[in-house]
Amino acid sequence: MKVYQTKEIKNISLLGSDGAGKTTLTEALLYESGQIQRRGRITAKNTVSDYFPVEQDYGYSVFATPFHTEYNGKKLNFIDCPGSDDFIGATITSLSVTDTAVIMINGQNGVEVTTQNHFRYCEKLNKPVIFLINRLDDEKCDYDNIIHQLRSLYGDKVTPVQFPVKTGPDFHEMVDVLLMKHYTWKPEGGKPEIDDIPADQMDKAKEWHAKLVENAAENDETLMEKFFDTENLTEDEMREGIRKGLVTRSIFPVFCVCAGKDMGVRRMMEFLGNVVPFVDEMPPVVDTEGEEIHPDAAGPESIFFFKTGMEPHIGEVQYFKVMSGTIKEGDELDNANRGSKERIAQIFSPSGALREKVSEMQAGDIGCTVKLKDVRLGNTLNGKGCNYKFDFIKYPDFKYTRSIKAVNESETEKLMASLTRMHEEDPTWVVEQSKELRQTLVHGQGEFHLRTLKWRIENNDKIKIEFGEPRIPYRETITKPARADYRHKKQSGGAGQFGEVHLIIEPLVEGQPAKPVYKFGSQEYRITPRSTETVDLEWGGKLEFINSVVGGAIDARFMPAILKGVMSRMERGPLTGSYARDVRVIVYDGKMHPVDSNEISFTLAGRNAFSLAFKDAGPKILEPIYDVEVLVPGDLMGDTMSDLQGRRAIIMGMDTEGNYQKLTAKVPLAEMSDYSTTLSSITGGRGHFSMKFASYELVPSDVQQKLIAAFEKENSEE
């Protein structure tokens, strides 16, 4: 295969909702470029992308699939991205390593929530956008209305380059206002007949052409001056203006195709090849040191690994982008993240499951390799003397969590290996071994996201698994002082065990020291601190431990053992088994035995004394509260707000964002378990939300009683 120079390479992401036709467009692009001899069909399960069994079973994309075509000596690298928001991690990865986004719109549905979500990510990453309206042959397609929708959202930057003469089953012709030509296709599609614009379409063509010329001219002072003088530009000048406008996101061209019939695809590829910016025309990437790294083929060798795929009979396939220099077969490179060395034995240019061998790749190109020893997703490999490291892909927080376990416990280790591998393929599948909750948790973007993970584990790895409700990481604390004592005594021949601990506990409030005297009933307890130790708890909050023992009642060497006992009980609180926090413990008295006292005795005595005091100290349960932000269409705001209020939410505010209403609220985590599914149901898939931990707050008393009763029942059953 030919080696392409940096100035001949363009990288493009294909985005759009499920059903928009990205996979079908991929087949048409590959067919038109001669990469394949026959277009595959999703129903026949023979497409270049969507080639994994799980994708063929579901009927739509799960993974981002890189492929390439050639147009007029230029290499166009594409990444076909999943449409479902559950797989947004793949979309963010693709946008991060490509330069231009083509957002496909389903002609029968118009602008969908996925369209707006994808545009939002493009905006955040500052990527050029081209809109592509597909399925013009659908009888429900209304092209002019879709243009109206786009302009109402994104303004006059939305600039049609083409329009269909007629939509619906009879679609077979369109007008291109950049070239000012009329295109007509036969029923089989493919190569069009190109002729002059019919008289009945000329007025509309001139109007749209004038708007395209004006928007193109705005991106260059020289072109603007010529436009003011002549009100026109040449075809090449328009292309130059559009290219500059794409880079600065000051123009969003709109094209139309019928990918299923291969109509308009060839013209679309011409535009991508002639007008879309090359990799060296885009702003440079910044490495972790803040240095701008330009795609210079003569620069130091550096490649960034952005995707891992698992292929049958091959194993791991690692996808990379050449950030700098020229990478060659046989190169020995240093892993900047892991400190190891790697040899690049083979280099391929990927097209789905197909891979074309290439001897080298220059800066800006996208490739893959196999059989690496120690490379992980997000790693950077460098040539000698180069120290680049990249970390520019930022994944969204998870929205949906389930506990996971193997039905057959003997397969637990095998399951964990499978989950680790899954995370390498999709970093938005996050696996957590929760010591606190005593569960293995898997986090994702939604119910379908985790259902896909389950399908793959059960069908590919043959491990039967169960999902369950994750426990909530509650916290326990106290609201008033309490006192308790406990004697641990055990005699079983020879040396026994003996330890007695008297202690006081109270809420730990920042800035409030321990009192000199505590009164319980009619008795006063005077405190004389000998030492104070403050422990910053790894789960949040603090423990203050005060030794106030006088007269040698307990030797100082046993104090660490008492603290250990207290800590062990705080790790599994008396109310619900959750972590306890923000407690002051004052050990003021006790007893020991010259022979039988030892560390274990005082550990157990301290643990049990603390437990008794905790239950008398007005114990309360704290629950995690999250800041939740919801974007919904305005007509669904009422239903969305009503649902949130039913989840004990406190509505913090409402605002407008584009055509959407933004609702912010504070919601208990315990009420968010199924929110992803519910919001999708309420809004017909048009809602979007994010959540972030805010604080711990007291649970209502009725909820606390239910939690304590459930914990006691669980313990009694065990």
Side-chain angles (χ1 to χ4, degrees), residues 54 62-64 82 84-93 96 117 121 306-308 310 376-378 391 393-406 412-458 460-461 463 465-475 538-540 578-579 623-630 647 666-680 687-696:
V54 64
V62 168
F63 304 100
S84 171
D85 206 39
D86 277 21
F87 300 96
I88 194 64
T91 299
I92 290 173
T93 297
S96 298
N117 288 344
Y121 284 114
F306 65 88
K307 172 180 165 66
T308 298
M310 295 300 300
R376 299 290 181 269
L377 191 73
D391 183 27
I393 303 178
K394 306 300 179 186
Y395 296 104
D397 295 331
F398 56 81
K399 303 173 185 174
Y400 191 80
T401 301
R402 284 294 177 266
S403 66
I404 186 172
K405 67 178 182 179
T412 298
E413 188 173 336
K414 186 179 175 184
L415 170 62
M416 293 308 301
S418 177
L419 290 172
T420 300
R421 190 175 67 249
M422 294 290 189
H423 175 70
E424 277 290 307
E425 293 186 62
D426 181 353
T428 59
W429 279 323
V430 179
V431 183
E432 176 189 356
Q433 290 272 31
S434 177
K435 173 186 172 184
E436 174 184 2
L437 304 180
R438 299 176 298 284
Q439 289 179 315
T440 300
L441 303 177
V442 59
H443 309 286
Q445 295 299 306
E447 186 270 338
F448 178 52
H449 195 210
L450 293 196
R451 182 153 45 91
T452 302
L453 178 133
K454 187 175 190 289
W455 189 101
R456 296 190 66 206
I457 291 173
E458 293 190 337
N460 296 347
D461 298 326
I463 306 170
I465 61 172
E466 289 180 347
F467 281 144
E469 286 287 331
R471 299 186 181 104
I472 302 300
Y474 293 108
R475 297 288 184 265
E538 62 182 60
W539 52 85
S578 305
Y579 289 142
E623 64 179 341
I625 304 296
Y626 275 68
D627 286 325
V628 177
E629 186 177 283
V630 189
R647 297 171 185 272
K666 290 189 178 293
V667 192
L669 178 62
E671 305 291 342
M672 293 296 291
S673 174
D674 65 343
Y675 189 64
S676 174
T677 306
T678 301
L679 181 64
S680 180
H688 178 78
F689 81 102
S690 60
M691 52 190 286
K692 186 177 182 180
F693 173 75
S695 62
Y696 271 93

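Each residue takes its place number in the sequence, starting with 1.
Going from atom OH of Y395 over to atom OG of S96 covers 7.0 Å, rounded to the nearest 0.5 Å. Rounded to the nearest 0.5 angstrom, T428 OG1 and Y400 OH are separated by 15.0 Å. Here the CE atom belonging to M691 is positioned 10.5 Å from the CD1 atom belonging to I625, to the nearest 0.5 angstrom. The distance from the CD atom of E413 to the OG atom of S418 is 13.0 Å, given to the nearest 0.5 Å. To the nearest 0.5 Å, the span separating CE on M422 from OG1 on T308 amounts to 13.0 Å. Distance check: R471 CZ to S403 OG gives 7.5 Å after rounding to the nearest 0.5 Å.
We find that K399 and D85 are joined by a salt bridge, their nearest charged nitrogen and carboxylate oxygen being less than 4.0 Å apart. Between D86 and R451 there is no salt bridge, since no side-chain N of the basic residue sits under 4.0 Å from a carboxylate O of the acidic one.
In terms of heavy-atom proximity, A406 sits nearest to I463 at CB-CG2, 4.3 Å. The heavy-atom pair separating F306 from T93 by the smallest distance is O-CG2, 3.3 Å. Here the closest heavy-atom approach between residue V628 and residue V667 is recorded as CG2-CG2, 3.8 Å. Between P396 and I88, the shortest heavy-atom distance links the atoms CG-CG2, 3.6 Å. Shown here for E469 and Q439, the closest heavy-atom pair between the two residues is O-NE2, 3.4 Å. Taking all atoms of both residues into account, the shortest heavy-atom contact from D627 to A694 is OD2-CB, 3.6 Å.
Partners of E436 by side-chain contact (heavy atoms from CB on, under 4.5 Å), not counting sequence neighbours, listed by chain and number: S434, P473, R475, Y579. Take A64 and apply the side-chain contact (heavy atoms from CB on, under 4.5 Å) test, not counting sequence neighbours, and it matches I79, P82, A90, S94.
Side-chain contact between I92 and I393 is present, with heavy atoms from C-beta onward closer than 4.5 Å. Contact of the S673 side chain with the R402 side chain is registered, since non-hydrogen atoms from C-beta on lie closer than 4.5 Å. V62 places none of its side-chain heavy atoms less than 4.5 Å from the side chain of E425. Counting heavy atoms from C-beta outward, I404 and L419 have side chains that approach closer than 4.5 Å. Residues M672 and F689 are in side-chain contact: their nearest non-hydrogen atoms beyond the backbone lie under 4.5 Å apart. With contacts defined as side-chain heavy-atom distances shorter than 4.5 Å, the pair T452/F63 does not qualify. Taking 4.5 Å as the limit, every side-chain heavy atom of L437 sits out of range of all side-chain heavy atoms of E432.
The salt bridge (charged side-chain N to carboxylate O under 4.0 Å, His left out) with D461 is formed by just one residue from the set R421, R456, K454, K414; it is R421.
Atom NZ of K405 has 12 or fewer neighbouring heavy atoms from other residues, nucleotides or ligands inside a 6.0 Å radius.
Ring pair H449/W429 is parallel by interplanar angle, where below 30° counts as parallel and above 60° as perpendicular.
Distance alone, capped at 3.5 Å, is enough to place a donor-acceptor pair between the E458 side chain and the I465 backbone. The backbone N or O of S676 sits nowhere less than 3.5 Å from a side-chain atom of S680 that would complete a donor-acceptor pair. A side-chain donor-acceptor contact under 3.5 Å links Q445 to the backbone of D397. E424 places a side-chain N or O within 3.5 Å of a backbone atom of L377 that can act as its donor or acceptor partner.
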**OP:** Just do the side-chain contact (heavy atoms from CB on, under 4.5 Å) check on Y675 and R647 with the steps written out, would you?
**Re:** CA-CA 9 Å; Y675 189 64; R647 297 171 185 272; 3.4 Å; yes
**OP:** Could you please spell out the steps behind the side-chain contact (heavy atoms from CB on, under 4.5 Å) verdict for L453 and F467?
**Re:** CA-CA 11 Å; L453 178 133; F467 281 144; 4.2 Å; yes
